[in-house]
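This report refers to the structure that appears directly beneath it.
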Amino acid sequence: MFRHRFLLILYPAQGHIHPAFQLAKRLVSLGAHVTVSTTVHMHRRITNKPTLPHLSFLPFSDGYDDGFTSSDFSLHASVFKRRGSEFVTNLILSNAQEGHPFTCLVYTTLLSWVAEVAREFHLPTAMLWTQPATILDIFYYYFHEHGEYIKDKIKDPSCFIELPGLPLLLAPRDLPSFLLGSNPTIDSFIVPMFEKMFYDLDVETKPRILVNTFEALEAEALRAVDKFNMIPIGPLIPSAFLDGKDTNDTSFGGDIFRLSNGCSEWLDSKPEMSVVYVSFGSLCVLPKTQMEELARALLDCGSPFLWVIKEKENKSQVEGKEELSCIEELEQKGKIVNWCSQVEVLSHGSVGCFVTHCGWNSTMESLASGVPMVAFPQWVEQKTNAKLIEDVWKTGVRVDKQVNEDGIVENEEIRRCLEEVMGSGEKGQELRNNAEKWRGLAREAVKEGGSSDKNLRAFLDDVEV
Ligand SMILES: O=c1ccn([C@@H]2O[C@H](COP(=O)(O)OP(=O)(O)O[C@H]3O[C@H](CO)[C@@H](O)[C@H](O)[C@H]3O)[C@@H](O)[C@H]2O)c(=O)[nH]1
């Protein structure tokens, strides 16, 4: 008989899958049974699911098992919610009838309908927030008493925004992209979804929010909004690359892209801290002109590089290595792969710098591996993450301060940042020292008796029925 039976419902995006799978594994290691559910389409795309006793997968149909191809995202959200609610309701009922009822429901961002269902059954819930606590605070302020203040400040790019409890002044360009209205098609659909999510959280008293961060990294932000019970339990990264407690836990086990071979062997052949690793995560597709500038900078900086360029998923996307004019030279001087085990790459001694889009998982993985960054943020909350990386944690330099009239960062600027991070000068040394400091603190947090370890155990006690 299990003390805890969790149902984890995941939004179908790589950025949610990796940390949620890691949370599932930790819960199992602490004696819980966990059922993980996401859409049939996403479930089928994941090629390497973790296999553990007491961890099971039960996908549900959102009505689009071959993928949602329309741009009517509101339609998808409403069908997803209706079908998802029916699935969760039926599963709760059938598990209870079979004598092994769920004791807690956990859901990732934008799925607050899970909490609505759980309330009907008087089941405890927690949201798993896959971005920094700082972002949760910013959104909270935006949808509550500081909305007008932020909207007013955004009008003047030279203004600074000060929010209670946050240890940094934000320029409009540091805010999550959805609040800036720069992409009306996406913003007009996403912003109301976030608003609804915060409205749903308001219904609860001190909702539990498990955050993929750790105490030392965001101590103030974790306490800024006293209406929330934010519980830092990160970094959610496979144990072999963090505390080393479970040497078999060497991958997230949730990849949706085909892994390329030969990365480790290639890295083994390079001197210590000599390689620049480049990746823009699972969603970003860079414009062709930006890819060309980045390619030139990598070639000119002289360091070997490992660059992840995802295969084109459809013809309308521009990323894809065959598009690059200097592809032959690139393949001679560096290695281009479709997808790699990023945690393995970042923990390899030959990697000296990570050129990253600052997705939160990549940021945490870089901090936990002690690799300094060239922060190259694109959208979502990445510009805020880049601000934190450069100004608060001081483990990287931000490349997007100088863009040309087309919004492109040019070769010279990218190269300047690469040289700063890879160089033997004072700045490079300071970044490496800070990166090493955060690596130590990240490991400290997850080891037995560390803050994240204690928090997860306390959470289990709290939701025990
Ligand atoms: O070759 C690769 C490249 C990436 N990864 C992994 O893919 C994940 C990428 O996650 P993240 O860095 O968060 O980027 P996105 O996939 O772009 O994630 C989306 O979701 C995140 C979590 O909500 C947000 O922080 C981002 O801004 C948003 O773009 C990480 O775990 C990486 O280890 C690999 O395993 N191999």
Side-chain angles (χ1 to χ4, degrees), residues 10-23 42 45-48 107-111 127-136 138-139 175-178 183 186 190 194 197 210-213 234-238 241-242 250-264 267 277-286 305-311 313 319 321 335-348 351 354-369 371 373 375-389:
L10 314 185
Y11 193 83
Q14 178 88 83
H16 292 213
I17 301 289
H18 272 185
F21 276 19
Q22 217 45 45
L23 171 63
M42 179 48 98
R45 287 186 73 195
I46 300 170
T47 50
N48 53 347
Y107 56 96
T108 59
T109 317
L110 300 179
L111 301 183
M127 181 169 87
L128 172 62
W129 180 252
T130 56
Q131 295 179 2
T134 305
I135 299 293
L136 193 71
I138 294 172
F139 275 120
L175 288 175
S177 61
F178 301 141
N183 187 337
I186 296 203
I190 283 277
F194 270 106
M197 185 188 94
L210 302 169
V211 190
N212 184 16
T213 188
L236 291 169
I237 291 175
F241 305 105
L242 199 57
T250 55
S251 97
F252 285 102
D255 292 298
I256 56 173
F257 296 100
R258 190 174 46 84
L259 282 160
S260 305
N261 296 323
C263 292
S264 297
L267 289 170
Y277 169 61
V278 188
S279 164
F280 286 78
S282 65
L283 295 173
C284 280
V285 178
L286 293 186
F305 52 88
L306 174 64
W307 187 359
V308 178
I309 303 181
K310 298 179 292 293
E311 268 173 359
E313 291 199 311
E319 194 170 331
K321 64 178 182 176
K335 184 169 173 68
I336 297 182
V337 294
N338 174 56
W339 193 251
C340 64
S341 165
Q342 181 164 296
V343 276
E344 206 172 313
V345 167
L346 288 172
S347 68
H348 196 287
V351 174
F354 182 10
V355 178
T356 172
H357 70 314
C358 307
W360 186 237
N361 296 295
S362 294
T363 304
M364 285 295 267
E365 291 160 18
S366 203
L367 287 167
S369 311
V371 177
M373 293 169 255
F376 208 144
Q378 303 295 310
W379 68 317
V380 197
E381 89 301 10
Q382 296 153 13
K383 294 199 182 236
T384 322
N385 299 346
K387 171 82 177 164
L388 291 163
I389 290 166

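Each residue takes its place number in the sequence, starting with 1. Start at 1 and go down the list; that is how both ligands and their atoms are numbered.
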Per-ligand residue contacts, ligand 1, heavy-atom threshold under 4.0 Å: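 Around ligand 1, where the cutoff is 4.0 Å for heavy atoms, the contacting residues are Gly15, His18, Thr130, Gln131, Phe252, Asp255, Tyr277, Ser279, Ser282, Leu283, Val308, Trp339, Cys340, Gln342, His357, Gly359, Trp360, Asn361, Ser362, Glu365, Val380, Glu381, Gln382.
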Results of side chain to side chain donor-acceptor pair (under 3.5 Å) for Asn48 - residues two or more places apart only: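 Residues passing side chain to side chain donor-acceptor pair (under 3.5 Å) with Asn48: Asp255.
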Phe252 side chain near Val343 side chain, heavy-atom distance below 4.5 Å: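 A side-chain contact exists here, since the closest heavy-atom pair is under 4.5 Å.
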Contacts of Thr356 that satisfy side-chain contact (heavy atoms from CB on, under 4.5 Å) - sequence neighbours left out: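 Scan of Thr356 (side-chain contact (heavy atoms from CB on, under 4.5 Å), adjacent residues dropped) gives Phe354, Cys358, Ser362, Met373.
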With Glu344 via side-chain contact (heavy atoms from CB on, under 4.5 Å) - residues at least two apart: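 By the side-chain contact (heavy atoms from CB on, under 4.5 Å) rule, Glu344 matches Phe241, Ser264, Ser341.
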Phe194 and Trp129 aromatic ring geometry - parallel, tilted or perpendicular at 30°/60° bounds: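 Aromatic pair Trp129/Phe194 classed perpendicular.
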Distance-only side-chain donor-acceptor flag, Asn361 / Glu365, under 3.5 Å: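 There is no such pair (donor and acceptor under 3.5 Å, judged by atom type) between the side chains of Asn361 and Glu365.
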